[in-house]
> 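Okay, here's the structure, questions in a sec.
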Amino acid sequence: MSYVIPPAAVTSVPVIGTGDRFPVHRIYCVGRNYEEHAKEMGFTGREPPFFFMKPTDALVVVDAGQTGTLPYPTLTANLHHEIELVVAIGKGGKGITAADALQHVYGYAVGLDMTRRDLQNDMKKQGRPWEIGKAFELSAPIGPITPAAQAGNVAQAAIWLQVNGADRQRSTVSQLIWNIAETIEHLSAAWELQPGDLIFTGTPEGVAAVVRGDTLEGGVDGLGTLRLAVA
């Protein structure tokens, strides 16, 4: 078969401790899934979950022990960090129940949902989609995937982010409004999940701006750390 232009390479994430890689299909993100973060964004209560997506070229893949480079994006003067637990789907399905959801998980990773907050806020005010604030290229840094059997008790794990060595975000995955299984249940009611899908599960409170020259380091207990330099 011939193509009129060269096809894009497969986007993939390394699997910790192996030479294997996890091919990425789609990237789903959950909005306002920690109560304290919802409050700092001006919302309260346990609202129904809602989702947005990022393209696969949003990923900035950072190998274990390395420091990735995060180019400061165009059009913004207010780039925010959002540290997140990422769920990697190994078995697809539609209409998955929460009771069965964890059987569909291949593993977990540490990720960042970088947000052009000024552009997102402008879109909110106009009642327009968020893509320009959320779905730009290189907006989803991610570390290696740890297989679920090796990840420990992810549901209770600490999650944290430091900027230049100072705490910005610190919470636990147990504070998710919609837990991992519930998120998969809701997500798979709207889309048929596929092997290779990634789910960014939401961020705790403490989101704030970064600038060129900052170093971000964050982690989820049992999954290692993700380190980035903003350029």
Side-chain angles (χ1 to χ4, degrees), residues 13-14 16 27 29-43 52 54 57-87 108-122 130 132-146 151-152 154 156-176 198 200-231:
V13 180
I16 198 77
I27 303 171
C29 303
V30 189
R32 298 197 294 263
N33 202 22
Y34 283 80
E35 184 175 359
E36 293 306 314
H37 172 60
K39 289 178 180 177
E40 73 181 354
M41 301 304 290
F43 299 86
F52 57 94
K54 291 177 181 271
D57 67 0
L59 291 180
V60 180
V61 179
V62 182
D63 290 338
Q66 301 297 308
T67 299
T69 299
L70 179 65
Y72 197 93
T74 59
L75 301 181
T76 185
N78 195 19
L79 178 66
H80 277 208
H81 57 72
E82 298 189 7
I83 191 71
E84 309 210 3
L85 168 71
V86 182
V87 177
Y108 302 95
V110 181
L112 279 162
D113 168 15
M114 301 304 296
T115 302
R116 296 192 280 203
R117 189 72 73 199
D118 43 3
L119 302 185
Q120 183 194 29
N121 288 341
D122 285 346
W130 293 1
I132 197 168
K134 288 284 194 180
F136 53 97
E137 61 271 16
L138 307 181
S139 63
I142 189 171
I145 293 171
T146 299
V154 171
Q156 300 295 320
I159 181 170
W160 55 275
L161 179 80
Q162 295 183 330
V163 177
N164 302 326
D167 270 14
R168 288 280 187 92
Q169 295 183 265
R170 192 166 291 274
S171 186
T172 63
V173 176
S174 64
Q175 297 302 305
L176 283 169
L198 297 176
F200 281 63
T201 58
T203 196
E205 70 275 13
V207 301
V210 294
V211 298
R212 290 181 178 88
D214 283 346
T215 298
L216 289 69
E217 186 166 8
V220 176
D221 284 1
L223 305 182
T225 59
L226 172 61
R227 183 179 172 88
L228 291 152
V230 183

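Residue numbers start at 1 and run along the sequence shown.
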> Does any pair with a residue in residues 58-70 pass salt bridge (Lys or Arg N to Asp or Glu O under 4.0 Å), and if so which ones, sequence neighbours excluded?
none
> May I ask you to test the Leu198-Ile142 pair for a side-chain heavy-atom distance under 4.5 Å?
yes
> About how many Å separate CG of Leu79 and OG1 of Thr115, when rounded to the nearest 0.5 Å?
7.5 Å
> Looking only at heavy atoms, which two atoms of Tyr72 and Ala77 are closest? And how far apart?
OH-C, 3.5 Å
> Under the side-chain hydrogen bond (donor to acceptor under 3.5 Å, both in side chains) test, which residues partner Thr215, sequence neighbours left out?
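Here no residue qualifies.
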> Can you measure from CD1 (Ile159) to CD (Gln175) and round to the nearest 0.5 angstrom?
11.5 Å
> Please identify each residue that fulfils side-chain contact (heavy atoms from CB on, under 4.5 Å) with Ala158, with sequence neighbours left out.
Asp221
> Tell me, do Val87 and Tyr108 make a side-chain contact under 4.5 Å, heavy atoms counted?
yes
> Could you pull out the closest heavy-atom pair between Leu70 and Pro141, with the gap in Å?
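Minimum heavy-atom separation between Leu70 and Pro141: CD1-CG, 4.0 Å.
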> Give the minimum heavy-atom separation between Asn33 and Gly202, together with the two atoms involved.
CB-CA, 4.2 Å
> Of all residues at least two apart in sequence or in a different chain, which pass the side-chain contact (heavy atoms from CB on, under 4.5 Å) check with Asn78?
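Asn78: side-chain contact (heavy atoms from CB on, under 4.5 Å) contacts with Thr76, His80, Arg117, Asp118, Ala209.
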> Listed by chain and number, what are the side-chain contact (heavy atoms from CB on, under 4.5 Å) partners of Pro71, not counting sequence neighbours?
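For Pro71, the residues satisfying side-chain contact (heavy atoms from CB on, under 4.5 Å) (neighbours in sequence not counted) are Leu138.
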> Quick one, Lys134 and Glu82 - any side-chain contact, counting heavy atoms below 4.5 Å?
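SC-SC contact between Lys134 and Glu82 confirmed.
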> Can you name the side-chain hydrogen bond (donor to acceptor under 3.5 Å, both in side chains) partners of Arg227, sequence neighbours left out?
Thr67, Glu217
> If we only count heavy atoms from C-beta on, is the Leu216 to Val230 side-chain gap below 4.5 Å?
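Yes. Closest side-chain heavy atoms under 4.5 Å.
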> What do the steps show when you test Thr146 against Val154 for side chain to side chain contact (heavy atoms under 4.5 Å, CB included), and what is the final call?
CA-CA 11 Å; Thr146 299; Val154 171; over 6 Å; no
> Are Val210 and Met114 packed together at the side-chain level, in the sense that at least one heavy-atom pair is separated by less than 4.5 angstrom?
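Heavy-atom side-chain distance check passes, below 4.5 Å.
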> Do Thr203 side-chain atoms and Ile83 backbone N/O form a donor-acceptor pair below 3.5 Å?
yes
> With rounding to the nearest 0.5 Å, note down the distance linking CZ in Phe136 to OG1 in Thr74.
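Rounded to the nearest 0.5 Å, the CZ-OG1 separation comes out at 8.5 Å.
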> Name all residues meeting the ring-ring contact (aromatic ring centres under 6.0 Å, His included) criterion together with Phe52; count only those two or more places apart in sequence or in a different chain, and write none if there are none.
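Result, ring-ring contact (aromatic ring centres under 6.0 Å, His included) vs Phe52: Trp130.
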> Tell me which one of Gln162, His81, Glu205 satisfies side-chain hydrogen bond (donor to acceptor under 3.5 Å, both in side chains) with Arg168.
His81
> Within the distance-only criterion (no hydrogens, no angle test), does the side chain of Thr201 pair as donor or acceptor with the backbone N or O of Leu85 below 3.5 angstrom?
yes
> Do the side chain of Gln169 and the main chain of Pro204 share a donor and acceptor less than 3.5 angstrom apart?
yes
> Using the side-chain hydrogen bond (donor to acceptor under 3.5 Å, both in side chains) criterion, which residues pair with Ser139? Sequence neighbours excluded.
Lys54
> Rounded to the nearest 0.5 Å, how far apart are CG of Leu119 and CG of Leu75?
6.0 Å
> Could I get the full list of side-chain hydrogen bond (donor to acceptor under 3.5 Å, both in side chains) partners for Arg170, not counting sequence neighbours?
Asp167
> Looking at residues at least two apart in the chain, or sitting in another chain, which of them share a side-chain contact (heavy atoms from CB on, under 4.5 Å) with Pro144?
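Once residues adjacent in sequence are excluded, the partners of Pro144 under the side-chain contact (heavy atoms from CB on, under 4.5 Å) criterion are Pro14, Ile16, Ala64.
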> With sequence neighbours excluded, what pairs up with Trp160 under the ring-ring contact (aromatic ring centres under 6.0 Å, His included) test?
none
